[in-house]
Amino acid sequence: MLKGENLTKIFQRGRNTVNALDSVNFCIDRGEFVCVTGRSGCGKTTFLNIIGFLDTPTKGDLYFEGKKLSFSNSEDMTIFRREHVGFVFQKIYLQSHLNVLENILLPLRYSGKNYDEGTKKANELLEILEISNRADFFPNELSGGEAQRVAIARALINSPELILADEPTSELDTKSSSVIMKLLRDTSDKYNVSVITVTHDPLVLPYGDRVLYMEDGKFVK
Amino acid sequence: MIKIIKESLLLLSRRKSRVIPAVLATATGIFLMILISSIGSYFTELSFGISKFFSNRIFLCEKKNFWIGGGLIPEEKVEIISKIDGISEFVPMLITRMSSDDIVVVGIPDIVIGISLEKANIYADSSSIFSGKNITNKLEALVGWDIARRDNLNIGSELTLKGKKFKVSGIMKKTSSFPDRQVIVDLKTLQDITERQNLITCVMAIPSKGVSFEKISSDVKSKIEYIKSVDSSEIEKETSGSLAFWNYLTLVFFLISGIGSLASISAVISMSVTERKSEIAVKRALGAEKKHIFSEFFSESFLMVVFAWIIGVSFAYLFVFFAQYLPQTGGGSIFRISFEILILSFVWSVLVSVFAVWIPLKSILSENTSVLLRG
């Protein structure tokens with residue numbers, strides 16, 4: 001479903017040139033759950049940003065469902081993200097002035113999809129994620145685990161084929177972490193969604209079908 | 001559109017702890033802009049009104065003292081003036097200030113004019129009277145527009161001048177010049193109460209058809225050496241220094257108000273954009289196109305400016321209302337909040353807010369979404 005060829009990202013940090021990604025090749029199947037791990041600064045987040053169309057590679061190609069993607073137009077990248085990718089961020093990033101239901105529905109505001117159907121789906125997701133009693137709560141009234149569940153629901157609302165999770169458990173305690181990972185795994189299985197999660201946490205790795213180890217901008221095993 | 005505005009209103013109400021100070025700061029800028037512009041508007045209106053008032057009349061006054069309450073002329077000298085060729089009508093007048101002389105007045109002072117009952121219609125004919133009629137007896141007063149409004153005078157109201165009671169017979173139309181701030185009473189009565197029996201301040205003359213002001217002026221100059229004529233050009237000469245000063249000051253006021261409001265509105269609105277960088281980043285990551293972000297921010301800032309404008313205008317009107325009761329203003333007001341000022345202040349505020357949103361937002365949106373997310 002998603003294939004990368006020679007993806008490279010080079011940038012300047014002060015006087016130094018950094019090879020954040022060094023000719024990375026990979027292939028992710030539909031419904032596959034992949035964990036990407038490695039030391040800090042090895043290029044995991046850069047990899048995630050590029051395959052999520054949040055950043056552009058210095059060189060290399062990315063294919064989605066066999067079609068080569070173009071990084072030349074930021075608006076096209078945005079539309080692609082909106083239609084095919086769901087994000088779960090490390091810092092969660094819920095909008096503080098929107099309640100839980102509105103946060104989940106946020107991507108629909110920009111996609112022009114039917115809001116009533118979206119609301120129905122959001123309520124289903126709230127049920128599945130066991131936070132239906134928090135629908136009209138604001139983010140500052142939620143625990144870390146609850147907020148991350150809202151973020152997962154938000155990532156799923158547009159029915160994406162791909163979910164990208166950047167350290168989804170790093171701000172959670174062990175118990176909440178395992179709940180979140182189990183939810184991600186279950187939603188991947190239930191909706192046949194591919195999940196790529198970047199993590200430091202060794203407890204997350206068993207949830208993946210596959211683990212990719214990254215070192216100095218390359219996958220080493 | 002209505003949907004976007006409704007959503008924006010809801011979101012603004014949820015962020016009121018940040019929105020209210022921003023709206024109040026913007027309102028302060030708008031308030032000052034309106035107030036300062038209104039001073040400029042007053043002087044523009046005044047200068048226009050003076051030119052209009054003097055367009056068809058000439059005043060013959062004691063040479064050394066032009067302004068009211070200055071030199072006095074014995075009443076018998078009027079006969080010499082009346083014999084000058086080319087004058088169709090003449091009106092002897094005694095002019096005095098309504099208030100005590102030690103009050104410094106900004107703008108036109110309130111004055112009382114004594115005119116003989118039979119000449120009153122020449123100075124103020126029926127077309128210049130808004131309601132009621134001219135004075136027809138010794139204890140009646142014809143009141144200027146501003147004084148009537150300020151002192152809440154109507155036809156039949158009682159008015160005390162220099163300790164004497166008068167009954168309001170009529171109210172003059174608004175002229176934006178001297179007549180708005182004057183009360184006309186009988187000449188003899190005013191001479192008695194001011195102890196200036198048989199004395200006048202000036203003679204208002206209306207030239208015959210086809211006779212120029214210049215001819216009358218030169219005739220007056222050659223026949224009566226201590227009298228000088230004052231027409232619109234003379235007024236311009238007499239007041240040019242102070243009017244030029246006020247014009248410069250008005251220009252400075254307009255510039256200050258424009259730049260001040262530009263600075264305050266743009267600073268507040270820009271800040272409300274830049275402090276939401278991470279919100280913008282998340283929305284971009286979730287699929288918001290640039291047009292979505294622009295429309296959200298434009299509609300929110302537009303609503304903020306509308307609220308700020310309403311508050312700013314309301315406070316400006318309140319300020320002007322209370323300012324007219326300050327004794328230092330002589331009971332009048334140097335603020336004219338015209339319709340044009342209201343429209344211009346609104347358009348200016350909206351334009352400033354559009355740029356204040358557009359410039360930082362354009363810069364934020366030009367950045368890579370991943371860079372924005374890192375903050």
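Chain letters run A, B, ... following the sequence lines, proteins first and then strands; every chain starts at 1.
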What option among B/L365, B/N368, B/T369 has the most heavy-atom pairs under 4.5 Å with chain A? B/N368
Using the benzene-type ring in the case of Trp, are the ring centres of A/F87 and A/Y93 under 6.0 Å apart? no
Does any heavy atom of chain A fall under 4.5 Å from the side chain of B/L10, the backbone, both, or neither of them? side chain
Largest heavy-atom contact set with chain B, pairs under 4.5 Å, which of A/I79, A/T46, A/N158: A/I79
Is A/D55 in contact with chain B via its backbone, its side chain, both, or neither, using a 4.5 Å heavy-atom distance? both
Side chains of A/T17 and A/Q12 only: does a donor on one sit below 3.5 Å from an acceptor on the other? yes
Report which part of A/F53 has an atom under 4.5 Å of a heavy atom belonging to chain B: side chain, backbone, both, or neither. neither
When you look at B/E296 and A/R109, which way does the salt bridge (charged side-chain N to carboxylate O under 4.0 Å, His left out) test go after all the steps? CA-CA 11 Å; B/E296 280 179 19; A/R109 279 173 70 165; 3.3 Å; yes
Atom group of A/E83 that falls short of 4.5 Å from chain B, counting heavy atoms: neither
Which atoms of A/L98 come close to chain B, meaning under 4.5 Å heavy atom to heavy atom: side chain ones, backbone ones, both, or neither? both
Please evaluate residues B/K283 and B/H292 with respect to the criterion side-chain contact (heavy atoms from CB on, under 4.5 Å), reporting the C-alpha separation (whole Å), side-chain torsions for both, the decisive distance (0.1 Å), and the verdict. CA-CA 9 Å; B/K283 285 179 173 173; B/H292 296 126; over 6 Å; no
Honestly, the part of A/N99 sitting under 4.5 Å from a heavy atom of chain B is both
As an exercise, state the distance from CD of B/E279 to CD1 of B/I364, rounded to the nearest 0.5 Å. 10.5 Å
Interchain contact, B/R15 with chain A, by part (heavy-atom threshold 4.5 Å): side chain
Distance alone, cut at 3.5 Å: any donor-acceptor contact between the side chains of A/S194 and A/E32? no
A/F80 versus chain B, heavy atoms under 4.5 Å apart: side chain, backbone, both or neither? neither
Between A/S72 and A/S70, is any side-chain donor less than 3.5 angstrom from a side-chain acceptor? yes
